[in-house]
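What follows is a short report on a single structure.
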Amino acid sequence: MDLKQLQYFVVCAQTGSFSDAAKVLYSTQPSVSKVVKALEDALGMQLFERLPRGIRLTVQGQKVYRYACRITNEIDTRENMAAHGMTKWIRVSLNPSSWFANQFVDFYNETYEKNYHFQLTTAGVRSVMDRVRDYVDDIGFVYILSQQKENFLHEISRNKLQFVPMYETDVVFYPGKETELYDSSKSKVELKDLDGVRFIQNYQDEFFDIGAVKEDAFQWKDIDISVLTNSDYIMEKMLKNSKVANISGSYLSENKEGTTPGIPLDLGDSKVIFGFILHKGEEMDESVAELVEFLKSRLPKH
């Protein structure tokens, strides 16, 4: 087993196709297949199921993939350090948030002289979890509804991760300027008020809709999500100029507050929980800890 085999294996797993992997690797499909087969022979196990259209990791392949991601990412980091001096990379995945974006700009400026380099990726909750689990990212920031916390923590534990809550905030309904509820006199809205309203959300799993929840609990399938985007810029434009609305945390969406007034959404005792995901039992890197402490200092005080 060598580094090239691991690198080819990781790209194949991420693309789900030997031919697509060959394009990424500037190679040929037969060559990529040969390298992966050599890795399978060296390990004595089948890593991929060969399907009529593409490939899929086997159970054993999923375990090897996590190991391979960790090794290849560490190699990439060392190569970057060798090429650019002792450059420190901080790899972060997160649910889209204009609040986080604003804080990140300030953190970058404040730590400019330390020459940190950053890789930021926006994704849904499960993708953030997977990226941290597979050592693609050092830390992941997510928002979940408190009603899903129990199931979420079970999933976190099953993946040998830990979730550290940082803040709880109200759930807020943001009506677009073209909706009937814009500039309404309502002090709060209920789920029944959302009938007929179309929504724009960052991800359908923004608050991680998994597992069984109470019958009367909020679920994304109960509302009409007509636009899914990972762009806060598109979110802002849509809320300003079309008949869509958004559901988010209260302080987490500064751009939306400047676009349309938010109205508390009555979901009983449900709150939006903001926090981060790390590997369980592993010490946080000093630079990552610095980012976390900076974000904590910027959160509203209770």
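In this text the structure is predicted, and so the values were computed from the model without any measurement.
With F274 as the partner, the ring pair (Phe, Tyr, Trp, His ring centres under 6.0 Å) test is satisfied by one option alone out of Y143, Y167, F163: Y143. A side-chain contact (heavy atoms from CB on, under 4.5 Å) with I247 is found for exactly one of L145, I223, V172, namely I223.
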| Run the side-chain contact (heavy atoms from CB on, under 4.5 Å) check on D130 and R133 step by step: do they pass? | CA-CA 5 Å; D130 290 346; R133 179 199 65 197; 3.4 Å; yes

| request: Before giving the answer on side-chain contact (heavy atoms from CB on, under 4.5 Å), spell out for I55 and C12 the whole-Å C-alpha distance, their side-chain angles and the decisive distance to 0.1 Å. | output: CA-CA 8 Å; I55 53 177; C12 288; 3.9 Å; yes

| message | What verdict does the side-chain contact (heavy atoms from CB on, under 4.5 Å) test give for L161 and L278, after you've listed the backbone C-alpha separation in whole Å, the side-chain angles of each residue and the deciding distance to 0.1 Å? | response | CA-CA 6 Å; L161 300 168; L278 289 171; over 6 Å; no

| task | Show the numbers, then the answer: is there a side-chain contact (heavy atoms from CB on, under 4.5 Å) between K271 and D170? | result | CA-CA 5 Å; K271 297 284 186 179; D170 293 328; 2.4 Å; yes

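In this structure, S231 OG and I200 CD1 are separated by 8.0 Å, a value rounded to the nearest 0.5 Å. The distance from the CG atom of L291 to the OH atom of Y108 is 14.0 Å, given to the nearest 0.5 Å. How far CZ of R298 is from CD of E293: 13.5 Å, rounded to the nearest 0.5 Å. Atoms CG and CD, from D137 and Q119 in turn, are 6.0 Å apart once rounded to the nearest 0.5 Å. A distance of 13.5 Å separates CZ in F48 from NZ in K37, rounded to the nearest 0.5 Å. Between the CG atom of L153 and the CD atom of Q148 there is a distance of 11.5 Å, given to the nearest 0.5 Å.
The closest donor-acceptor contact from the side chain of S242 to the backbone of M238 lies under 3.5 Å. A donor-acceptor pair is defined here as one N or O able to donate and one able to accept, closer than 3.5 Å; such a pair exists between the side chain of N241 and the backbone of K237. With H117 contributing its side chain and I90 its backbone, the two residues share no donor-acceptor pair below 3.5 Å. Side chain of S31 to backbone of T28: no donor-acceptor contact under 3.5 angstrom is found.
Within 6.0 Å of CZ in R198 there are 12 or fewer heavy atoms belonging to other residues, nucleotides or ligands. Within a 6.0 Å radius of CD in E178, other residues, nucleotides and ligands contribute more than 12 heavy atoms. In the displayed structure, R56 atom CZ is contacted under 6.0 Å by at most 12 heavy atoms of other residues, nucleotides or ligands.
Side-chain atoms of Q7 and V11, non-hydrogen and from C-beta on, never get closer than 4.5 Å to each other. Between L299 and L295 the shortest side-chain heavy-atom distance does not fall below 4.5 Å. Two residues are said to be in side-chain contact when any heavy atoms from C-beta on lie closer than 4.5 Å; K160 and H279 fail this criterion. With a 4.5 Å cut-off on side-chain heavy atoms, E236 and K240 count as touching. Proximity of D41 to L39: side-chain heavy atoms (C-beta onward) are nowhere separated by under 4.5 Å. Put simply, the side chain of I263 reaches to within 4.5 Å of the side chain of P175, judged on heavy atoms. Side-chain atoms of Y174 and L181, non-hydrogen and from C-beta on, never get closer than 4.5 Å to each other. The shortest distance between side-chain heavy atoms of L43 and V64 falls below 4.5 Å.
For E190, the salt bridge (Lys or Arg N to Asp or Glu O under 4.0 Å) partners are K192, not counting sequence neighbours. When the side-chain contact (heavy atoms from CB on, under 4.5 Å) test is applied to K23, the partners found at least two apart in sequence or on another chain are D20. A search for ring-ring contact (aromatic ring centres under 6.0 Å, His included) contacts involving F141 returns F100, not counting sequence neighbours. Taking the side-chain contact (heavy atoms from CB on, under 4.5 Å) definition, one finds that Q60 meets it with M45, T58, sequence neighbours left out. For the salt bridge (Lys or Arg N to Asp or Glu O under 4.0 Å) test, no residue two or more places apart in sequence or in another chain qualifies with K149. Listed by chain and number, the residues in a ring-ring contact (aromatic ring centres under 6.0 Å, His included) with Y8 amount to none (sequence neighbours excluded). By the ring-ring contact (aromatic ring centres under 6.0 Å, His included) test, F104 is found to be paired with F118, residues two or more places apart in sequence or in another chain being considered. Every residue two or more places apart in sequence or in another chain was checked for a salt bridge (Lys or Arg N to Asp or Glu O under 4.0 Å) with E286, and none qualifies. Among residues two or more places apart in sequence or in another chain, the side-chain contact (heavy atoms from CB on, under 4.5 Å) test is passed with S33 by F18, Q29. In this structure, the salt bridge (Lys or Arg N to Asp or Glu O under 4.0 Å) partners of K188, at least two apart in sequence or on a different chain, are D266. Every residue two or more places apart in sequence or in another chain was checked for a side-chain contact (heavy atoms from CB on, under 4.5 Å) with S157, and none qualifies.
A salt bridge links E290 and K114; the closest N-O separation between the charged side-chain nitrogens and carboxylate oxygens is under 4.0 Å. We find that K243 and E180 are not joined by a salt bridge, their nearest charged nitrogen and carboxylate oxygen being 4.0 Å or further apart. A salt bridge links E40 with R50: the distance from a Lys NZ or Arg NE/NH1/NH2 to an Asp or Glu carboxylate oxygen falls below 4.0 Å.
In the hydrophobic clustering of this structure, V272 groups with I225; members are Ile, Leu, Val, Met, Phe, Trp, Tyr whose side-chain heavy atoms approach within less than 4.5 Å, directly or through other members. In terms of hydrophobic clustering, with Ile, Leu, Val, Met, Phe, Trp and Tyr side chains grouped at heavy-atom distances under 4.5 Å, I273 and V142 are assigned to a common cluster. A continuous path of ILVMFWY side-chain contacts below 4.5 Å connects Y112 to F294, so both sit in one hydrophobic cluster. Two different hydrophobic clusters hold V288 and Y135 under the rule that ILVMFWY side chains link at heavy-atom gaps under 4.5 Å. In this structure, V105 is not a member of the same hydrophobic cluster as I139, with clusters built from ILVMFWY side-chain heavy atoms closer than 4.5 Å.
Shortest non-hydrogen contact noted between A123 and S127 is CB-CB, 3.6 Å. Nearest heavy atoms, F152 versus I277: CZ-CD1, 4.2 Å. In terms of heavy-atom proximity, M284 sits nearest to A289 at SD-CA, 3.2 Å. Considering all non-hydrogen atoms of both residues, G61 and F9 come closest at O-CZ, 3.5 Å. Nearest heavy-atom pair, F107 versus S287, reported as atom, atom and distance to 0.1 Å: CZ-O, 4.5 Å.
A donor and an acceptor atom, one from each side chain of S248 and N246, are located under 3.5 Å apart. Defined by atom type and a distance below 3.5 Å, a donor-acceptor pair is present between the side-chain atoms of S19 and S17.
Under the 6.0 Å cut-off for aromatic ring centres, W89 and Y116 do not qualify, their centroids lying 6.0 Å or more apart.
Identified under the salt bridge (charged side-chain N to carboxylate O under 4.0 Å, His left out) test for residues 3-17, with sequence neighbours left out: none.
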